[in-house]
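Inspection log for the structure reproduced underneath, given as structure tokens.
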Amino acid sequence: MVAKTSVKEVQIYRSSATITRGGEAELTEGRNIIYISGMTESARRDSFRLKFPEGIKAVNIQIVGVEKIEGEEVKESERIRKQLDEIGYQKETLDMLLELRKTNSDFSGRSDISIEAQEKVMEALPEQMLSLHRQLDELTVKETKLQEALAKTLLEENRPVIMAEVVSASSGTVPFILQYQDDKCCWTPKYQIHYTNDKEPLEVCMKAQINQSSGEDWKQVKVTLYTGNPSVSNDLPEMSTHELYLYEEAKVKVRAKGAMMAARAMEDTCCEDAEPAMMGMAVGMAMNTLMMDTAEVAEEETMTAFVLPNARDIFSDTDGNMADLQNFSVKASYHVLAIPSVDNNSYLTAEIVASEWPLPPADAAVYLRDTFAGEVYVDADEDTDLLTLSLGRDERLNVIRTESPKKTSDVFLKGDKKQLCKAEIRLVNTSSEPVSALIKDQLPVSTEKAISIEPVNISDGILDKDTGELKWEIMAEPDKTVTLAVEYTIVWPKDKKLGTRRSAMNAKPKFCSNCGRPVAGRFCPECGAEVK
């Protein structure tokens, strides 16, 4: 006998899943041979486990092809093929009848049929032709359904079948469980970050996008999501020899912290009050965002589990099933960041204590008062104390940086040249409320002792002499202009040329060794693996 199974529960990891199927088997007292179907082509064949009630012992378990099944009569696919053949014969007969009706209704060149007989034939012909066409249409619909059923049946018959030889202490119908691993399943965390105003915490919704391409639709199954992956190796870590050696330290350029924020920030959306356009019948109605029940969170030995609250359908080869996992608030300090020497735009940013973001790295959709502002990548790396998120371009603060022509002169009696560099930064708050702003600029950094750089006027800004980063923390008042000066001198030997270059602002890209995706932080957003 063949015992069919259906999916009851799935435990989905970042790049695989444990599938639990249930079924029933008719057993007699003593020795039984049963065939268990249900494993998909993408299942790991060496990972399956069978669970039966007590009193049943296994003698032999192995995977076989459908052709090895004993006692089976004609396969379902063969039955469907016979039905398709019969439909083909019926359609062929109807086509012949149609052609015959057309031929018999052609009286040209025939004088043996009276006018009355011809009229009688022609009057009956439309109804006869219509009836034949209707029969053909019905057969075509049946044929299409049978072809779909045949494709599903062939897929089912090509799946691995488990042959289990078991010994039962009694007769009867017994339930059993089949479990196996499937690598064609995964889930990816997604966040929604909602900003209300500068005084409220960020509201965060953690979602999961569940994908599976096993070739089988899961109907009304219990779903648990795990933040990691099962161990793929039992190898223990080994310590390598710790060696010390002497070397001459190379001169290293330290890049300015924070300059990447402008490059990674979103393009659209100001943070002023913005009401989303209402459409159609929704105009004038009070509307709430449709929310799902969140998951139950369980901290297990090596990873976190999210148990989804309701059974759900997860279809194969779709764009993904979305589930709400967690909602929480996180305290943040807000300011508008501007780096006018790199980007003329200003960006609203939120600064969060990294330890207060207890979630894995992932892409996050940012909403400013229910208006979509774009996406950012969030990774609370363990080496980072503060996590800075870009919430989008902020049009409240206009920042203009103007450079004056450089003035170069000789230094009397010293054989040096001296260059005076000037720039002016003007800030205008166009809103009706004060805006907390962080403005950044930079002075060049000398790589040679013979080159000296001295600030002349930096408007009380804070200068990091090691990196050259210059910053001001300002509360910009409404409709007022703030002017900042960046003025410094460069002195170098007269007989030398002064060269300038900028070190790369981007760190060397990292790639996940597991799935190959580029990784910005410590964990891969695709498969969750740690990238070292």
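Looking at S214 and Q212, their side chains do bring a donor and an acceptor atom within 3.5 Å of each other. A donor and an acceptor atom, one from each side chain of N321 and R312, are located under 3.5 Å apart. Residues T18 and Q181 bring a donor and an acceptor atom of their side chains to less than 3.5 Å of each other. With 3.5 Å as the limit, one finds no donor-acceptor pair spanning the side chains of S409 and K407. At a cut-off of 3.5 Å, with distance as the only test, a side-chain donor of T5 or R21 sits close to an acceptor on the other residue. Side-chain atoms of S42 and D182 include a donor-acceptor pair closer than 3.5 Å.
By the salt bridge (Lys or Arg N to Asp or Glu O under 4.0 Å) test, E356 is found to be paired with no residue, residues two or more places apart in sequence or in another chain being considered. With sequence neighbours left out, E203 forms a side chain to side chain donor-acceptor pair (under 3.5 Å) with S329. Residues that satisfy the side chain to side chain donor-acceptor pair (under 3.5 Å) test with Q326, not counting sequence neighbours, are absent from this structure. Scored by the side-chain contact (heavy atoms from CB on, under 4.5 Å) test, K406 finds E403, Q419, C421 as partners (sequence neighbours excluded). Residues passing the side chain to side chain donor-acceptor pair (under 3.5 Å) test with D416, sequence neighbours excluded: none. Residues that satisfy the side-chain contact (heavy atoms from CB on, under 4.5 Å) test with S436, not counting sequence neighbours, are H335, M475. In this structure A311 satisfies the side-chain contact (heavy atoms from CB on, under 4.5 Å) test together with Q220, sequence neighbours excluded. For the side-chain contact (heavy atoms from CB on, under 4.5 Å) test, residues two or more places apart in sequence or in another chain that qualify with A43 are M39, T40, Y180. Listed by chain and residue number, nothing satisfies the side chain to side chain donor-acceptor pair (under 3.5 Å) test with K471 (two or more places apart in sequence, or in another chain). With sequence neighbours left out, R426 forms a salt bridge (Lys or Arg N to Asp or Glu O under 4.0 Å) with no residue at all. Not counting sequence neighbours, the partners of D410 by the salt bridge (Lys or Arg N to Asp or Glu O under 4.0 Å) test are K494. Under the salt bridge (Lys or Arg N to Asp or Glu O under 4.0 Å) criterion, D183 pairs with R44, sequence neighbours left out.
Side-chain atoms of P434 and P478, non-hydrogen and from C-beta on, do get closer than 4.5 Å to each other. Using a 4.5 Å cut-off on side-chain heavy atoms (C-beta onward), P189 and R14 make contact. Taking 4.5 Å as the limit, every side-chain heavy atom of L391 sits out of range of all side-chain heavy atoms of T349. Within the 4.5 Å cutoff, the side chain of I453 has no heavy atoms near those of the V445 side chain.
Taken to the nearest 0.5 Å, the CH2 atom of W187 stands 5.5 Å off from the CG atom of L225. Between the CG atom in D319 and the CG atom in N211 there is a gap of 8.0 Å [rounded to 0.5 Å]. Distance check, rounded to the nearest 0.5 Å: CG of L337 to CD1 of I439 gives 7.5 Å. To the nearest 0.5 Å, atom CH2 of residue W492 and atom OG of residue S446 are 12.0 Å apart. Here the NZ-CG distance, from K190 to L325, works out to 13.0 Å after rounding to the nearest 0.5 Å. Summarising the geometry, atom NZ belonging to K417 is positioned 13.0 Å from atom CD1 belonging to I490; distances are rounded to the nearest 0.5 Å.
Proximity of a side-chain donor or acceptor of D217 to a complementary backbone N or O of S316 within less than 3.5 Å is detected. Side-chain atoms of T20 never come within 3.5 Å of backbone atoms of Q179 as a donor-acceptor pair (strictly under, hydrogens ignored). With hydrogens and angles disregarded, no donor-acceptor distance shorter than 3.5 Å links the side chain of W472 to the backbone of D441. For T227 (side chain) and T304 (main-chain N/O), a donor-acceptor pair under 3.5 Å exists by modelled atom type.
Separation of the F306 and Y226 ring centroids does not fall under the 6.0 Å cut-off.
Between A338 and V399 the shortest heavy-atom distance is CB-CG2, 3.8 Å. Closest approach of L389 and V378 over heavy atoms only: CD2-CG2, 3.8 Å. Smallest separation of non-hydrogen atoms from G468 and L463: O-CD1, 3.8 Å. The two residues P309 and A295 come nearest to each other via the heavy atoms CD-CA, 4.2 Å. Nearest heavy-atom pair across L470 and G461 is CD1-C, 4.0 Å. Closest approach of A373 to L368, counting heavy atoms only: CB-CG, 4.0 Å.
Atom CG of D460 has 12 or fewer heavy atoms from other residues, nucleotides or ligands within 6.0 Å.
A salt bridge does not link E424 to K422: none of the charged side-chain nitrogens sits closer than 4.0 Å to a carboxylate oxygen. With salt bridges taken as basic N to acidic carboxylate O contacts below 4.0 Å, one links K207 and D324.
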Show your reasoning for whether side chain to side chain contact (heavy atoms under 4.5 Å, CB included) applies to V7 and E216.
CA-CA 9 Å; V7 179; E216 176 184 36; 3.7 Å; yes
For side chain to side chain contact (heavy atoms under 4.5 Å, CB included), just list the numbers for L427 and L484, CA-CA rounded to whole Å, side-chain angles, deciding distance to a tenth of an Å, and then say yes or no.
CA-CA 8 Å; L427 288 76; L484 304 173; 3.9 Å; yes
List the steps and the verdict of side chain to side chain contact (heavy atoms under 4.5 Å, CB included) for Y195 and Y334.
CA-CA 10 Å; Y195 164 87; Y334 305 97; 3.5 Å; yes
Does the pair T224 and I12 meet the rule for a side chain to side chain contact (heavy atoms under 4.5 Å, CB included), with working shown?
CA-CA 6 Å; T224 304; I12 306 176; over 6 Å; no
Begin with the C-alpha distance, continue with both residues' side-chain angles, and end with the deciding distance and a verdict on salt bridge (charged side-chain N to carboxylate O under 4.0 Å, His left out) for R45 and E41.
CA-CA 9 Å; R45 300 196 177 198; E41 280 292 310; 3.7 Å; yes
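Relative orientation of the Y191 and W357 rings is perpendicular, given thresholds of 30° and 60° on the angle between their planes.
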